[in-house]
Structures are given as structure tokens and as C-alpha cells.
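Read through the structure below, which is laid out as C-alpha cells, and then see the notes.
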Amino acid sequence: MSTLNKEDPKQLVKQLELWEDNEVNTFLNKQPEREDNFYTLGGFPVKRTYTALDTKDIPIDDIGLPGQYPFTRGPYPTMYRSRYWTMRQIAGFGTGEDTNNRFKYLISQGQTGLSTDFDMPTLMGYDSDHPMSDGEVGREGVAIDTLADMEALFDGIDLEKISVSMTINPTAWILLAMYIALAKRRGDDLNKLSGTVQADILKEYVAQKEYIYPISPSVRIVRDCITYCAENMKRYNPINISGYHISEAGSSPLHEIAFTMANATTYVEEVVKTGMDVDQFAPRLAFFFVGQADFFEEIAKFRAARRVWAKIMKNQFGAKKAESMRLRFHCQTAAASLTKPQYKVNIMRTTVQALAAVLGGAQSLHTNGMDEAFAIPTEEAMKIALRTQQVIADETNVANVIDPLGGSYFLENLTTQYENKIFEILDEVKEKGGTIKLIEEGWFQKHIADFAYETALKKQDGQKPVIGVNKYVEENEQADITTHPYDSTTADRQISRLQTVRATRDNNKIEKLLNELIEVAKDERQNIMPITIELVDAGATMGDIVEKLRTLWGTYRENPVF
Amino acid sequence: MGLPIRVLLAKVGLDGHDRGVKVVARTLRDAGMDVIYTGLHRTPEEVVNAAVQEDVDILGISLLSGAHMTICPKIMQLLEDKDAADTIVVVGGVVPDEDVTPLKEMGVKELLLQDTPPKEIVARLEKLVEERGPR
Amino acid sequence: MPTSSADLVARLKKGDLRAASRLMSRAEAHDDETLNSLGAIYKAAGQAHIVGLTGVPGSGKSTLVSKLVEGMREDGRKVGIIAIDPSSPFSGGAILGDRIRMTNLVMDEGVFIRSMATRGSTGGLARSALTSVDILDAAGFDVIIIETVGVGQDEVEIAKASHSTLVVSAPGLGDDVQAIKAGILEIADIHVVSKCDRSDSNRTITDLKVMLAMGINIAIKDRDGKPLWQVPVVGTSSETGEGIKTLIDTLDKHRNVHLNTELGEERLRQIAEYRTFKTAEDLLRNRFFKSTNKTIKNVVEQIAKRESDPFTASNDLLKKIAF
């Protein structure tokens, strides 16, 4: 029984009927509603209004209190009353030095955590002088080939003091190894480092498509990151299990969460197989979701995600510690919702999405720059995006009450609907043979492609209004915008450092270590992290390591679904 | 008897964002065209080889990595070298406004950027093939 | 001004692959001017080993083809591939994705890949696919593989219209029964069980062998009663490369039996018959629907009014063609 339900249900049913017959009908006769049926962006039907009847079947324990199982109302009991979410604007372009300057600027503007975007060659494991890297070095993110680049990237930044997130996947373990090697050189305590490496490879096969090796060895690498961090870096999140990219690839918000949970449970299963106790690593598993446009649906989505995760960890994996059941997430507003036409309107979109993230209890937040439909953001665009968060935090008072929408008939109902649907999908995944099998069969990808296609058609016929694109369009609009310039000297500067490293290192040592790497890779019981740390410390490039392992593992090739 | 328009859709370079290219593939198929998809992470050489062998009317290049000013000139040159300059080249994805003119000058016939409605994509491609005439 | 098809044919005979790909488009378009040139191409062809490959969806055909071709390239043979995928029954369009599984071959000058759509029942698939084979044959390719999904009648027949027909099965698809239903098991000269790295592949191999022993595929014997060809079952794995070499050897063996026995002569006659029939059928269909001839219109009108019947009328029409 819910405490929300003080009213006598029978009386309430009657009251509703009378209301429909009288007040509602009178108004409908004067003017019909805008639509016959209303839906959330994710396709959940919504009613005219919600009452206690819609929450009466929700167990009160499922709602609970902040910081209490199942954490529907928030992972912590004091939430933003003690500390605001981490304002973490992602940055990355050019060389390590270039991004280092942007980092220092963002810190000077009040940013409280760092987040690094890497260029495509770094993400995909190519050195900057590889033919595949042509035209892409330092363009969409910072270029990292060797530890020397990492030193430049974090020059003058105290890694024990600020948390650093690295958005990288198939090559995540190499970047993590560089980060560790750098910290060791500086004499930092690994247990004091905080931050996250994304390292969520499964969603790459499903959505973002940054992968190198076949699924099985790739998941093993993730497993190794998780166990290494659990044993050596107690404050560090070794993975950021992401729905964001699933959403950006076109999925519904429901599938965003459900598929992320399917991936997350797969990782947990893999680590548990090594014999590690679930409570030893689960507290450091972190999540990453998108903040989309449908305000209440997003808040319900975040709340449901926390509840589902708590139940999975407790019931399926037998976790004992509250920290293992408590879902913490980073949120980024939806890049795919940004438009080129009337681009300044993007600030409004981002603001509302950010507010949903805050009301949904996010632990850290990135707000997109208004110009990101053109190119990576300028410093000015990033400043406004950061200020957006600061306004929400400091001027609106929304952070003063925890889960202020908790108890809303509508929101609690939608939260529970989300929970139920997510579990239904997870059951279906199990029934059909599990996450990895379904990735290979393109099952997740098909769902995503279908929703993306539907969305495109709905935008086309105006069913999904997008201001400036299919509604309130301004003819002959000229964008007066200065975008982030690409410095054409980047590749040369980057390649010259890469070549210096290659020329000055001990190549025999690298050769010997690479052969050791292969032996470690062949033996699944071993952890790939220590040898990788040794390699990067000795001056091995990302390409050296990736290509060596490619000889053993080969390359993944997807069977696309449409 | 007219054949369906043949289109090669290619993801060139390292970026794997394929939401757009997949929506386009489906749109064109549903409009009755034959769509050959190359898969991800292809090089300009691979794409042009495929376009030549498949003798497509249209080569559609999807790029969200910002590398279009490096990749497109290579593709145009290779088409020329392989006696396939009559292939209609269309670019889709994220392209800043200032790059539109240079791309058109190098021979790219159309840019289909974010939020182009599916029907309009079909219409523009049909028009391009019609303007080209028989070959 | 478009190049004339005759010019393209001249270029083709010198091995110009750009001409080959353009000619394939024109042949597929039933372009009249090109049809006149196709005879010359047919006569110039006839050297290549044509391999038909079919199997149910999901049996790993394209990946197998890519490995097979890789193997054939090791001894320098030039290989053409015609990959046929189904068209959408709703729009007639198609998404052709076989190339994705053959990316290892794209940069190889000695490999030519062409994707085709089935285009429903009226598209003249057989004629255009086999014409494309001729074109590659005339351009000097040593082996030409036609890959089709073994579902529709046409697709199965096309795979059969080759010198050597491979039928691919895979473990775990529950496909053995389905394959029989589709009637494709009988057409195999060689059975391939793909994905043999999987533990359940042995069962599929055994199932096939049992079925063959039960006489579904009766070996053709020579005059002395010695079997000319026993249909073998070859297990392959595109993952590990297992069985690919054996498959190539088996194909070569089949080719040799063909070149040197009456089995091959008979097969060539069957193919010629099939092609003649399909081409005639196509021309007839085209002529019928394109016709502005009043006779056909009148006949149709009469049949609609039940004044005549389709049987008599068709007979009368066909009488006008002298066989």
C-alpha cells in the first residue's frame, strides 16, 4: 500500500467518472484536445491526469527514501544539499598541450571535474601517422599516441585532486595504463586517483561502433580493467556503462536503459567468473545516460534505472553492500537533439534537458555547446553551457530538496512502468540466449534502427516537432557563427613528438614486452593491465599495442541491420 | 524497362556513427532504390573500387568525423582515375557551412546534412540522376 | 553521349573492368542496343569455372565466399563474384550488404564483386545474373561464383545453372528440414557445412551424410557403372580457415570430372537449355507487356469478358512464334 493513497479508491473512481462526465466533457465540447492520444517521446501513452489510483499498486518500499534501497529517490541521503553534481564539461582537441589549455580554462571558470574527448585515431587505436588517421588527428578530440602526450595533457594538473573522466572504449585500457604510468612517475598514490574510463565495449557493438577486436577478447579486456582497479585504485571507476550512445544511435529511452542494463549484467557476470566477490568491484561501476527532451519521462527513466539496478544487484548477484546496489550516473544532454537552424535555441533545449538530469539525481553532468551541430564547441559555447549548470545549481533552488518530484502520481506511475518494461526486456534477452548472442544477431541494433527510422519519419511529417527544423522555420537563415577552428599544424606537431618517442626509446625492450603481451593475452586467467602499463612506460605507442594484439585476435566486422 | 537507381552508401574513415546512413539506406530502399552498403571504416580506395564494380548511379559518403576536406578530394580524384567520374557524389553528415562551397567546387553534387527529411533525400537523388541522363 | 555497347564489348574483351561493370548495368536494364551485343559476349565466354553457391539465410554464405576466394587467389586465379540478395517485396528496392563480409577482397585487383537484387518475379534475374557471369568470363576471370539465398525458386535455379553447385548448411539453424522443403539439398554437387568451429557442427555433417546415403542424391555413373561423382560433405570454418583448402580442392576435382566426362557435357547442355528458356521467357514477357499491338489488347479484352479463354488465346499467340 502506498502512502500516497489515503483516499478510498472506490470513491476516487467515482469522482473521476463524474469529472470526466461533467467538467471535462463541457470543455471538450467547446474545444477538443490537441490530440486524441498523447505519448511520451519513448511511446508510453499518457493520460489526461494522474491520481492516487495510478500509484496504489506501487509498493511503498520501491519508492523509499534517498540513499535507501532501491535508491529510486537518489543514491545518497543528502544529495545536492551537501555537494552539487560534478560539472564536467568534456574537452579535447589538437595535441595534449592544446587540450591542457582548455582544461585550465574550464577549471578557472568553476568546472569541478575534467572530461577528455579523444580524436578518432586514438579511439580506434591508430597512431597519428597511420594512413587511416589522415585528416583526423586532433580534430574531434585530443590525439594521444604515447605517454609523452599524456604528460602534456595533464601538465600542471594535480591528478590526486581532480577527477578525470576519459571517454574512450576499445583502447580504454591503454589510456588507463598511460594514466597510471603518469601518476606513478609523478609519485601519486593510485588509491587517491578518482575518475572514470568509459571502457564500455558492448555498447560499441550495439551503438557507437568503435571497436577493434571480436567481442570475447574485448570483454576480457574490460574485465581486466575492472579487476585491476578493484585491487589497485579504490576510488576509480573502471567503467562507465553507457546508454548515452545507444540513445544517440537512435534508440528509445526505454531501450537506452534496458540495453545498458543487459550490458552491465554481462560485465558483472564476467568479473564474478574470475572469482572476485561482487561487493569488491560493484561499488565502482558507474553509468552514463543521456538527458533527452521529454522532461518527465527522463526523470522517471533515471529513477527507474536506479531501482532496476539495485534489484538486479541484490537479487541476481547477491550483493550485500549498499554501495554495490547504488547506481551512480553521469548525464550528458542529447547531442542528437541539437539543430543547425536557429542554433541558439540549443541553449534552451540543453537547459531543460539538464534540469531533468538534476531532478533525476545525476552525479555529474555535461551540457552541450550550442554550436555542436556545426563542429566541436568553441570556448564561448562551452562557457555558456557550463553557466547553464551553474544557474540551475545556484539560482533556481532546485538542488535544495531531494527528489522533489517523488510522490507525483504521474512520475511514480511512469517510473514503475519503466521498471516493469525494463525487466521484461531483460527477461527476453535472457530467453533469447543472452546479450552477446543477441549483439551478434543484431537484435539490439534492429530495435535501435527501427526507432531511429520512425523518429526520422515523425520529424518529416511534423509529428515530432523540432523548432527551426519543421516548425517556426526561418527561410534563408544565415548562421552568424564562428566555429572551433581546426589547427592545420596539429598533425605535424603530433607526429613529430611521436617520432621523437620512437627514436629515443629502447626498441629491443619494446619488442620483448610486446611478445610478453601476446603471452598474457593468450592466457585468459592473466590480467592485461600490468604488462600494458610497462609497455607504455617504456614508450610503446598505442598503435604498437593494438596492432600486436590484432595479430592474435583479428578484427571485428559487423553484420549491419537496417 | 527502367532499373532502380543504384546507390553505394559508404562510411569512410574512422567514425562509426551510422544512425544517419542507416536511416538513409532504409529510406532509399523503401523508395525502390538498390542500396549497396559498404560497412564501416572504409578507405577512399575501397569505396571507389566498390563504386566502379557496382557501377552505381550515386556514391553517398557519410561522414561525421570532420575529415571530409581530406577524404572527399581523394575520392573525387580516384573516381577520375578509374574512369568513373560520371558517378554522382553526394555527402551526408556533419559539414560546417564554410566547407559546402569548396566541396561543391570539387564536384560533390549534393550535401544532405542533418535533419534533411527522408522524402527530400529521395527527391533530390532522383533529380540528380534525371539531370545526368542516360550513360 | 553514352558510349555504345559495341565499344564497351570491345573494351571488355581487352579486360577493361569499367566496361564490364557498365555492360552489366545495361544488360540488367534490358537495354535493346545492349541485347544485340550480348551474343558476342556469350561466344567470347566459356573458359571460366562457374560455381553456384546457395544456402538458407544465416548459413554464412558471404563469409564463406570471402574465405574461399582468398584461398583461390593464393594460386593466382582471378575470381568474379555475383552476390544476389532479395529485394523488398513492398518497394522493390533492396539493401545489398554482401560486400561487407568481403571487405578483405575489395582492394584485390584480381577480384570483382557485383551485387544484384532479386527484384521479385518479374525482374529477369536469371538472365541478368547469368549474363553478368558471361561478362566476367569474357573479361578473363578464371572462376565466377554466383551466390544466392536458397529461398526462392529462381535463386535456387540460378545456383544450379553453374558447373559446380555448392549448398551451404550451418549448424544450429534447425535448417536441415527447411532446406529439404526448399528443395535445395538435391541440387548440390558439394555440400558445405559452415561454422565448423562450433561444437554442434558434427551433427549437421552426420545428418547430411545420412541423408545422402538414403539416396536423396544418387550418384551419376559412367557406362561401366562406376560413379562419376559422389556428392561429398565438406566442413569449413570461416573463423579458423579449417576446410577451405579442402573445399577448393574438391571444387577443382569436380571441375576436372566435368571437363573430362559426359557428366560435364550433359551439364553444359542443361545450362544452355535453362538459359535459352529463361531468355525466351524474359523476351516474351518484355514483348508482351511492352506491346502496343492491338491483337494482344483485343485478346485480353475478350478474355476479360469471357468471350475467349486464356488457354486458347495463349496457344494462338505462341503459334505465331515458330520454334
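Interface summary for chain B: among A:D461, A:T483, A:D134, the most heavy-atom pairs under 4.5 angstrom belong to A:D134. Comparing A:K340, A:E204, A:E558, A:R557 by heavy-atom pairs within less than 4.5 Å of chain B, the highest count is held by A:K340. When the candidates B:Q114, B:H17, B:K11, B:M69 are compared by the number of heavy-atom contacts under 4.5 Å with chain A, B:Q114 comes out ahead. Each of A:A249, A:P131, A:A452 has some count of heavy-atom pairs under 4.5 Å with chain B, and the biggest count is that of A:A249. Top candidate by heavy-atom pairs under 4.5 Å with chain A, chosen from B:D97, B:V21, B:I71, B:T116, is B:D97. The greatest number of non-hydrogen atom pairs below 4.5 Å with chain B, out of A:D119, A:N559, A:L457, A:V561, is found for A:V561.
Residue B:H68 does not touch chain A at all, counting heavy-atom pairs closer than 4.5 Å. For chain B, the nearby part of A:M124 is the side chain; its heavy atoms alone come within less than 4.5 Å. Heavy-atom distances place the backbone of B:L64, and not its side chain, under 4.5 Å from chain A. Only the side chain of A:E140 comes within contact range of chain B, with at least one heavy atom under 4.5 Å from a heavy atom of that chain. Contacts between A:A207 and chain B at a heavy-atom distance below 4.5 Å involve the backbone alone (N, CA, C, O). Within the 4.5 angstrom heavy-atom criterion, atoms from both the backbone and the side chain of A:T339 approach chain B. Contact annotation for B:D18: only side-chain heavy atoms (C-beta onward) come within less than 4.5 Å of a heavy atom of chain A. Using a 4.5 Å cut-off between heavy atoms, A:Y126 contacts chain B through its side chain alone, with no backbone atom that close. Both the backbone and the side chain of A:P121 have a heavy atom closer than 4.5 Å to some heavy atom of chain B. Proximity to chain A (any heavy atom under 4.5 Å) is restricted, for B:D30, to the side chain, taken from C-beta onward. Contact of B:V94 with chain A is made through the side chain alone, with heavy-atom distances under 4.5 Å. Interface remark: B:K74 contributes side-chain atoms only to the contact with chain A (heavy atom separation under 4.5 Å).
A side chain to side chain contact (heavy atoms under 4.5 Å, CB included) with B:M33 is found for exactly one of B:T27, B:L3, B:I5, B:I58, namely B:I5. None of A:L338, A:T482, A:T378 except one satisfies the side chain to side chain contact (heavy atoms under 4.5 Å, CB included) rule with A:D371; the exception is A:T378. A:S128 pairs with exactly one of A:T490, A:D145, A:D492 by the side-chain hydrogen bond (donor to acceptor under 3.5 Å, both in side chains) rule, that one being A:D145.
With sequence neighbours excluded, the residues that form a ring pair (Phe, Tyr, Trp, His ring centres under 6.0 Å) with A:H245 are A:F288. Every residue two or more places apart in sequence or in another chain was checked for a ring pair (Phe, Tyr, Trp, His ring centres under 6.0 Å) with A:F118, and none qualifies. In this view, A:F451 satisfies the ring pair (Phe, Tyr, Trp, His ring centres under 6.0 Å) rule with no residue, not counting sequence neighbours.
Proximity of a side-chain donor or acceptor of A:D98 to a complementary backbone N or O of A:T95 within less than 3.5 Å is detected. A donor-acceptor pair under 3.5 Å is formed between the side chain of A:N346 and the backbone N or O of A:M370. Using a distance-only test at 3.5 Å, with no hydrogens or angles considered, no donor-acceptor pair links the side chain of B:Y37 to the main chain of B:K22. Side chain of A:E248 to main chain of A:A335: a donor-acceptor pair is present (N/O by atom type, distance under 3.5 Å, no hydrogens or angles).
Side-chain contact check for B:V100 versus B:L103: every heavy-atom pair is 4.5 Å or farther apart.
Ionic pairing of A:R139 and A:E136 is not present here: no N-O contact between side-chain nitrogen and carboxylate oxygen is shorter than 4.0 angstrom.
Contacts from residues 469-478 of chain A to chain B, taken as heavy-atom pairs separated by less than 4.5 Å, involve A:V469 in sequence order.
Between the side chains of B:E45 and B:N49, no donor N or O sits under 3.5 Å from an acceptor N or O. In this structure, a donor-acceptor pair under 3.5 Å is absent between the side chains of A:Y556 and A:S218.
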(message) Walk me through whether A:T260 and A:K203 qualify under side-chain contact (heavy atoms from CB on, under 4.5 Å).
(response) CA-CA 7 Å; A:T260 305; A:K203 66 94 172 55; over 6 Å; no
